[in-house]
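In what follows, chains are A, B, ... by sequence order, proteins preceding strands, each numbered from 1. Quantities reported herein were computed from a predicted structural model and do not represent experimental measurements.
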Protein chains: 2
Amino acid sequence: MRKIKLADIAKVANVSSITVSRALSTPEKVKPETCEKIQKIAQDMGYIPNFMAKGLKSKSKTIGVIVPTIINPFFASAVKSIIRSANKTGYNCLLFSSDESQSIEQNAVNTLISYNIDGVIIAVISEDEHYTPAYFSTLKKLEIPVVLLDRHIDAPHVCGVYLDNIDSGYKLGKEVISNNFQRILIVSGSPNSKVANARLAGLKMAAEEAGSSVIIDVIKADFNTELAKRLVQDYLGQHKPDAIIGLNNQITLGALEASVVHNYQLGSDIHFYSIDEIKTAKNFGISIPCIRHDVEDFGYHAVTQLIRAIESDNCDKLSDIIIRGTVVK
Amino acid sequence: MRKIKLADIAKVANVSSITVSRALSTPEKVKPETCEKIQKIAQDMGYIPNFMAKGLKSKSKTIGVIVPTIINPFFASAVKSIIRSANKTGYNCLLFSSDESQSIEQNAVNTLISYNIDGVIIAVISEDEHYTPAYFSTLKKLEIPVVLLDRHIDAPHVCGVYLDNIDSGYKLGKEVISNNFQRILIVSGSPNSKVANARLAGLKMAAEEAGSSVIIDVIKADFNTELAKRLVQDYLGQHKPDAIIGLNNQITLGALEASVVHNYQLGSDIHFYSIDEIKTAKNFGISIPCIRHDVEDFGYHAVTQLIRAIESDNCDKLSDIIIRGTVVK
DNA sequence: ATGAAAGCGCTAACAC
DNA sequence: GTGTTAGCGCTTTCAT
């Protein structure tokens, strides 16, 4: 069966399509009784609007979301809250995962533009401070507002919702230092990751402030589990730290596994600290004090910023939003 | 700036829009040199097609995907593989999460229909054997093919990709029984969940076959962590099992935590078995033998089935696909 | 091999 | 308060 369209309802109701259109989207412009009649008929006939036709003329009321991967619980939660906030405001989301690939990311942006999205929220693939993908200028030309998520890029007319990474590092540092450990290992992200470096800076700040005599070693890995695991395993062959700090959830998981390989008793021989919560830790009875970020909030702010930009047609007013984390023991 | 459209390219190339359309989508219908010229111009001008306009007349080359939640790694992986398979075949995916709510699920289907999707892949919210949501008849009327994911529904003209749950239960049962435990606790899903009951049946089959004298207790919880945790905690106040079998990943996580509360040493005082892998277990050095399903495969089959249905305009030919899991120690 | 015209379903602009 | 017309960008049909 073909889809019911406005004209079908119009015929039954003995009015024109435009009246039906108005009855369904701007009811105040139609005489109440006509309106009611039309709405009832639409309901009975099972009318479902056609966004393709609608979006061709007016705004699509759709925003695009691109994240590097939805397997990482951090992004999964962020996506969830973004979708929820957007739906509440009457927007739909098209979600893409870039699989950490630059070309897939570029394609995703093109596809979103193809769908006439009104705005985009992107957590870009690269941690690199100098990553400035080509699609930014395209989006700017088309006046499609962009809100960056978590990973910063230096582009004009782009705003973002970020975590206060220095603050996170600092807070976690304070927490760790208070324990009088002898030797602490910090496992960071890649050397030119802004996020990683800011977290590291915060940690060092806390350490210096404490003036403690603890030995602090730093390994630069990346924000994935595998490399962190390998490097920590090598490190543990030579040193015996009391505590390991992972600068994101994936790193911490890798460090945990490396310690298991070296027969450490997690949580007693060696203590773990993490930025980003590891939710399953408590299922295994391991306490991993961490910096938790309100991901619900994260998504909310991203959507709010974006929709302001869309509906005001003025990207310039937008400011960045920095979200602070809290220490969770 | 406005988006570049076919007509803009046409003007520059001194041809009509339709020729440009052909050069870009069916190049074999255009003289090679004209074609090449047009393609180059399109490239230079940064042309990005408008799916809204395209989808208005022809198929949208878009499929809808609805899962109960993307936070659960099982669905996150499935979604990832679905998107990947679909993209490879030239389809885009619109992803919705129903948040385990019937009304959100219904809305998601409507929204997808609004976007003129060519087909839908759904993991329905309910485990209940008798859940048959209203939108099925709508989709059928509109001749939009549906492929069910993981959770079965008895509806005509609907096919699905399922796990072989009896087989999973049986295989895991064999594995558990071989250990000569004294008392085993099975934590199942809700009493009228088909999936849970099939897994349970498989387990019992393995137990009976072995004729072992082990005591087997069964708790009916649901497929979430919280309830399982609470019920197992109560149970452990009265009994002391050597092994716990969780019938999905969330249940197993709950059972683990309950055991921690009761001061069991995970993996030595008490052993865990699970259907669905718990990837973080190895990071914590706990071995949880499980039934692993090839989720990559899962998504691949779902997409393949759906696209066959879409492109053959014949939903009747479709058959269900049952995927077997493998034991992973 | 190329083009002209019509139409997909909806709504903004302009009547009445 | 309601209707007519035209057009969004693309493709299908029918001509050349």
Side-chain angles (χ1 to χ4, degrees), chain A residues 1-39 41-42 45-62 92 110-118 142, chain B residues 1-39 41-42 45-62 92 110-118 142:
Chain A
M1 206 185 74
R2 272 198 92 60
K3 232 158 106 172
I4 305 291
K5 54 190 178 189
L6 291 186
D8 299 325
I9 301 173
K11 216 174 287 172
V12 176
N14 255 322
V15 293
S16 71
S17 324
I18 183 68
T19 306
V20 180
S21 167
R22 287 200 266 250
L24 298 178
S25 25
T26 50
E28 66 277 11
K29 291 185 180 169
V30 176
K31 186 164 49 156
E33 41 179 332
T34 322
C35 186
E36 215 168 299
K37 188 178 75 177
I38 292 175
Q39 286 175 344
I41 295 175
M45 295 179 76
Y47 173 72
I48 299 175
N50 185 332
F51 286 1
M52 293 282 175
K54 192 181 297 203
L56 203 50
K57 268 198 107 77
S58 20
K59 296 226 169 185
S60 63
K61 285 288 213 171
T62 304
N92 283 308
N110 283 348
T111 307
L112 287 173
I113 294 175
S114 287
Y115 279 106
N116 278 5
I117 36 97
D118 297 335
L142 297 175
Chain B
M1 207 185 74
R2 272 199 91 60
K3 231 159 108 172
I4 305 291
K5 54 191 178 188
L6 292 187
D8 300 327
I9 302 173
K11 217 174 287 171
V12 176
N14 254 324
V15 292
S16 70
S17 328
I18 180 65
T19 304
V20 179
S21 166
R22 286 199 268 249
L24 297 178
S25 24
T26 51
E28 66 277 10
K29 290 185 180 167
V30 176
K31 189 165 49 159
E33 41 179 334
T34 323
C35 186
E36 215 168 301
K37 187 179 77 180
I38 293 174
Q39 287 175 343
I41 295 175
M45 297 180 75
Y47 173 71
I48 300 176
N50 184 330
F51 286 1
M52 293 281 174
K54 191 181 296 201
L56 202 51
K57 269 198 107 77
S58 21
K59 297 226 167 184
S60 63
K61 285 287 211 169
T62 304
N92 283 307
N110 284 347
T111 307
L112 287 173
I113 294 176
S114 287
Y115 279 106
N116 278 6
I117 36 94
D118 297 334
L142 298 175

Students should find that the end-to-end axis angle of the helix from C/dA1-D/dT16 to C/dC16-D/dG1, with five pairs defining each axis and rounding to 10 degrees, is 40°
Anything under 3.5 Å between a donor and an acceptor, one on a side chain of residues 49-58 of chain B, the other on a protein residue two or more places apart or in another chain? List them.
{"unit_1": "B/Asn50", "atom_1": "OD1", "unit_2": "B/Met52", "atom_2": "N", "d": "2.8"}
{"unit_1": "B/Asn50", "atom_1": "OD1", "unit_2": "B/Ala53", "atom_2": "N", "d": "3.2"}
{"unit_1": "B/Ser58", "atom_1": "OG", "unit_2": "B/Lys54", "atom_2": "O", "d": "3.1"}

Using the test side-chain hydrogen bond (donor to acceptor under 3.5 Å, both in side chains), find all partners of [X] that sit at least two apart in sequence or belong to another chain.
X: A/Thr62; value: B/Tyr115
X: B/Ser114; value: none
X: B/Lys3; value: A/Asn116

For A/Lys61, enumerate each residue passing the salt bridge (Lys or Arg N to Asp or Glu O under 4.0 Å) test, keeping only those at least two apart in sequence or located in another chain. A/Glu311
Excluding sequence neighbours, so at least two apart, what forms salt bridge (Lys or Arg N to Asp or Glu O under 4.0 Å) with B/Glu33? B/Lys31
Partners of B/Ala42 by side chain to side chain contact (heavy atoms under 4.5 Å, CB included), sequence neighbours excluded? B/Ile9, B/Leu24, B/Tyr47
Run the side chain to side chain contact (heavy atoms under 4.5 Å, CB included) test against B/Ser16 and tell me which residues pass, sequence neighbours left out. B/Ile18, B/Thr19
With side chains defined as the heavy atoms from C-beta onward, is the minimum distance between A/Val15 and A/Ile38 less than 4.5 Å? yes
Nucleotides bounding contact with chain A, strand DNA chain C, heavy-atom threshold 4.0 Å: C/dC8 to C/dA12
By the salt bridge (charged side-chain N to carboxylate O under 4.0 Å, His left out) test, which pairs, at least two apart or in different chains, include something from residues 6-23 of chain B? none
Letter per nucleotide, 5' to 3', of nucleotides 7-16 of chain D [B base touched, S only sugar-phosphate touched, - untouched; heavy atoms, 4.0 Å]: BBBBBB----
